[in-house]
Chemist: 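Just dropping this structure here.
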Amino acid sequence: MTIISVIPARHRSRSGEAGGSAGSSDPACGRASERYCSGIWTRSDPFAPGQVCVTTMPKALHRSGPVVSLLLTLCVLGTLSCAREQLTVTGAERLFGKNKVSDTSYRWKEIQGNHFRIIYPEELRQRAFHIARIYDANLERISHDLGVRLDRTIPVFIYPSQEEYETTHITTGLVEGTGGFTEFFKERVVFPVHSSNRHLEHLALHEMTHAVQLKYLLQGPYRSLQLLITGVLSPLWFSEGLAEYESGAWDSIAAMHVRDAVMDRELIPLNQLRGFSHLATPQIHLAYHQSDLFIQFLVETYGPQCIARVLRLTKNRLNLHSALEKVTGLKPLSLEWKWQEYADGRLRVGGRGWQDPPGQARLLTDNRGWNLFPSYSPGGSRIAFLSDWENEGFYFSLYILELATGQLRKIKERGLEHSPLDWSHDGKRLVLVSDDDNRSDLYLYDLEQNKLERIEQRFRNSRQPSFLPGDEEVGFVATVNGIADVYKIRLADGRITPLTQTPNDESYPRWSPDGRFLVFSREYQEQYDLVLKDLGSGEETRLTHTPYHELSPVFIPGGRALIYVSDQGGIFNLHWLDLESGMSWPLSRVIGGVFTPQVSQDGRRVLFSYFRHGQYRIFESPMLKKTSGAGDAQGS
């Protein structure tokens, strides 16, 4: 995401009101920080106080009279419209100009690298050095691909969590819902680091690509004027597609969204992607991913040097379509047809053996929206799930569905995080995650009293909670200093016990029926494998050793096997893992993607969220059987 910022953030106090404050938590406020150079810490002040950026008209234009002034005014108005468009992608323009309250103070430090510097709170030192290694390995490649010679240092600001990032004063506008942003003029990169290594690399390189591209487009004596022209004429699909391509963002999720549109013949025409604000929220995901695929198509068809040529011609001609025609020899419509043929040949699947949806699945939600994280109640008569059922634009509410009658009740409206939830074993409570008070916190919902109560604990970025057998403790994932680990908390007194303490990202913890074992996903070399931990001895066993992602494991009743999802073959499907033999096999072969399975208490039914036709819908199926020969869970 890029943000055009004509007026950068001024000093703000912790209350969010305008005015300087020595105790401000934000690096844009001019606090001194420490810089790391060649292994030596030195005191410095890398942050200049915010100033108003003034667009300076060249002297030649002053002499050109009112006609040029009128044209320049129209260009300014167009750029302001473009700025609003960029913010509209995330919905942030609705909140632009409101005060942002930051409740955290940081001790800022800095890493100086080759054409970049990373400004970070001291507790993020490990993450900051990881990002520095990412840039050391990739920045030269990006500049070469774009045909850019870097001559200035790009500042990169990182925050510990999404919530703290959203209170940044580096830009005056709110950035709610974004994963990161890059400013025009100052070309500053800003993002949170609370994610896996794979996602962190994607985010860091995506925003750095924007910064490198801006450096190229804004080179020359009239940077302000160049910004105005570029902002009006450059379509968003090209800049975002280029950033996605250079970040290596293409994965099974990206392919799933574009495959879905290919199968339904609903790819978005590029002439409708000058901006993304007019799109329905789910379509924005598709817009990013299909823009990425278009850049892949250009590189594979016309060679890796074509990106630099397109950028150079766009800067000279101020017309992307003209530049593309010069490079490819095709008019815009013919080029798009050729790209759609490429997408169809690469992604279309189907025929004998393919399922859509899997098995004898029964549809439980028929709304047009995203229905996520379904969970069986004890006994399996009800399910709880999150949904933007009423076209709420990705604001998710909590629903409970009676399976026998189809009765649907909204229990909690909005304010809920995208995270799995769980029933207590007595069926009286739900544990879930809410983002109230600028935190991702654990909450207990009492179904009988219709009451939501926060679980008091020190972490501000918690997710994926589930009850341990006996309902006296809740397990969850918390991110501390950018690293995700599994913890449990005793509800009676709030005592927290760490269950993993590794530099790897860990997620989706679930407990065996007898409470003796914990199973979860752990990131190895930017992909996830399943790990089983004996809670008595502390011994861990890595269950899978594949180049794919194995996620969302759950025990079947009796604890002798697991059901999980894997993107083996490029599509997320249900899989079975026998814990005694170590053998695994797929249970489905779908066109879309299966996510977050749950097994009924009697082991006869499986519940899951299924992506297809641009939606996540919830299905229930009889327990599925293997669809092909067994494997050994080692990727062979």
Side-chain angles (χ1 to χ4, degrees), residues 1-2 4 78-79 82 85-86 138-151 154 182 184 187 205-220 222-223 225-250 254 258 267-276 287-343 346:
M1 173 188 176
T2 55
I4 298 177
T79 299
C82 179
E85 171 65 45
Q86 299 282 22
N138 292 278
L139 188 52
E140 183 177 347
R141 171 186 58 80
I142 293 173
S143 63
H144 177 268
D145 288 351
L146 273 58
V148 178
R149 184 179 63 85
L150 293 176
D151 57 1
I154 299 172
T182 301
F184 275 64
E187 301 130 27
L205 295 181
H206 179 106
E207 298 302 338
M208 182 58 73
T209 302
H210 282 317
V212 172
Q213 186 179 4
L214 286 175
K215 282 189 175 296
Y216 179 69
L217 293 176
L218 303 183
Q219 285 174 350
Y222 306 133
R223 298 176 66 239
L225 181 60
Q226 182 69 46
L227 169 63
L228 297 178
I229 297 173
T230 303
V232 172
L233 298 179
S234 181
L236 194 60
W237 73 261
F238 182 75
S239 60
E240 295 297 347
L242 185 59
E244 288 288 279
Y245 171 77
E246 292 293 340
S247 69
W250 190 260
V258 184
L267 288 169
I268 306 171
L270 294 181
N271 63 10
Q272 297 180 19
L273 293 179
R274 174 166 293 278
F276 294 171
Y288 273 86
H289 299 318
Q290 74 168 58
S291 299
D292 180 356
L293 188 64
F294 192 95
I295 302 298
Q296 294 179 54
F297 156 72
L298 286 178
V299 171
E300 292 182 19
T301 307
Y302 302 100
Q305 74 284 351
C306 73
I307 297 301
R309 289 188 61 201
V310 169
L311 280 175
R312 183 173 64 254
L313 290 167
T314 299
K315 183 178 180 179
N316 294 336
R317 298 172 178 231
L318 302 179
N319 188 318
L320 175 64
H321 294 299
S322 175
L324 286 171
E325 183 177 345
K326 180 69 174 179
V327 170
T328 66
L330 296 174
K331 297 288 186 181
L333 188 57
S334 297
L335 181 62
E336 185 159 2
W337 284 344
K338 187 172 181 179
W339 166 67
Q340 290 186 1
E341 290 177 354
Y342 167 88
R346 178 169 167 178

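In what follows, residues are counted from 1 in the order of the sequence shown. Scope of the values below: all heavy atoms of this structure, side chains included, with no hydrogens, waters or symmetry mates.
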Chemist: Check whether any side-chain heavy atom of Val258 sits under 4.5 Å from a side-chain heavy atom of Trp250, and report yes or no.
Modeler: yes
Chemist: Please assess Ile268 against Trp237 for the test side-chain contact (heavy atoms from CB on, under 4.5 Å), listing each intermediate value before the final yes or no.
Modeler: CA-CA 11 Å; Ile268 306 171; Trp237 73 261; over 6 Å; no
Chemist: Rounded to the nearest 0.5 Å, how far apart are CZ of Phe294 and CD of Gln340?
Modeler: 9.5 Å
Chemist: Are Ile154 and Val212 side-chain neighbours, meaning at least one heavy-atom pair lies under 4.5 Å?
Modeler: yes
Chemist: Between NE2 of His144 and CG of Leu139, what distance do you get to the nearest 0.5 Å?
Modeler: 13.5 Å
Chemist: For Asn138, enumerate each residue passing the side chain to side chain donor-acceptor pair (under 3.5 Å) test, keeping only those at least two apart in sequence or located in another chain.
Modeler: Arg141
Chemist: Supply the atom-to-atom distance Arg309 CZ to Thr314 OG1, rounded to the nearest 0.5 angstrom.
Modeler: 11.5 Å
Chemist: Would you confirm whether Gln290, through its side chain, and Leu267, through its main-chain N or O, come within 3.5 Å as a donor-acceptor pair?
Modeler: no
Chemist: Quick one: CD on Glu246 to CE on Met208, what's the gap to the nearest 0.5 Å?
Modeler: 12.5 Å
Chemist: Once you round to the nearest 0.5 Å, how far does CG of Leu293 lie from CD of Glu244?
Modeler: 12.0 Å
Chemist: Testing the basics here: between Leu320 and Pro235, what is the closest heavy-atom pair and its distance to 0.1 Å?
Modeler: CD2-CG, 3.3 Å
Chemist: Tell me whether Glu336 contacts the main-chain N or O of Leu270 through its side chain, where contact means a donor paired with an acceptor under 3.5 Å.
Modeler: yes
Chemist: State, to 0.1 Å, how close Leu236 and Gly275 come at their nearest heavy-atom pair, and which atoms those are.
Modeler: CB-CA, 4.1 Å
Chemist: With rounding to the nearest 0.5 Å, note down the distance linking CG in Asp145 to CD1 in Ile307.
Modeler: 8.0 Å
Chemist: Classify the angle between the aromatic ring planes of Tyr288 and His206 as parallel (below 30°), tilted (30 to 60°) or perpendicular (above 60°).
Modeler: tilted
Chemist: Minimum heavy-atom separation for Thr209 and Ala243, please, with both atom names.
Modeler: CG2-CA, 3.7 Å
Chemist: Side chains of Thr328 and Thr301: closer than 4.5 Å at any heavy-atom pair?
Modeler: no
Chemist: Would you say Leu298 and Tyr245 make side-chain contact, with heavy atoms under 4.5 Å?
Modeler: no
Chemist: Mind checking whether Glu240 and Leu273 have side chains closer than 4.5 Å, heavy atoms only?
Modeler: no
Chemist: What are the two closest non-hydrogen atoms of Ala254 and Ala249, and how far apart are they?
Modeler: CB-O, 4.4 Å
Chemist: May I ask you to test the Gln296-Tyr342 pair for a side-chain heavy-atom distance under 4.5 Å?
Modeler: yes
Chemist: Could you check whether atom CD of Gln305 has more than 12 heavy atoms from other residues, nucleotides or ligands sitting under 6.0 Å from it?
Modeler: yes
Chemist: Heavy atoms only: give me the nearest Leu242-Ile295 pair and the separation to one decimal.
Modeler: N-CG1, 3.7 Å
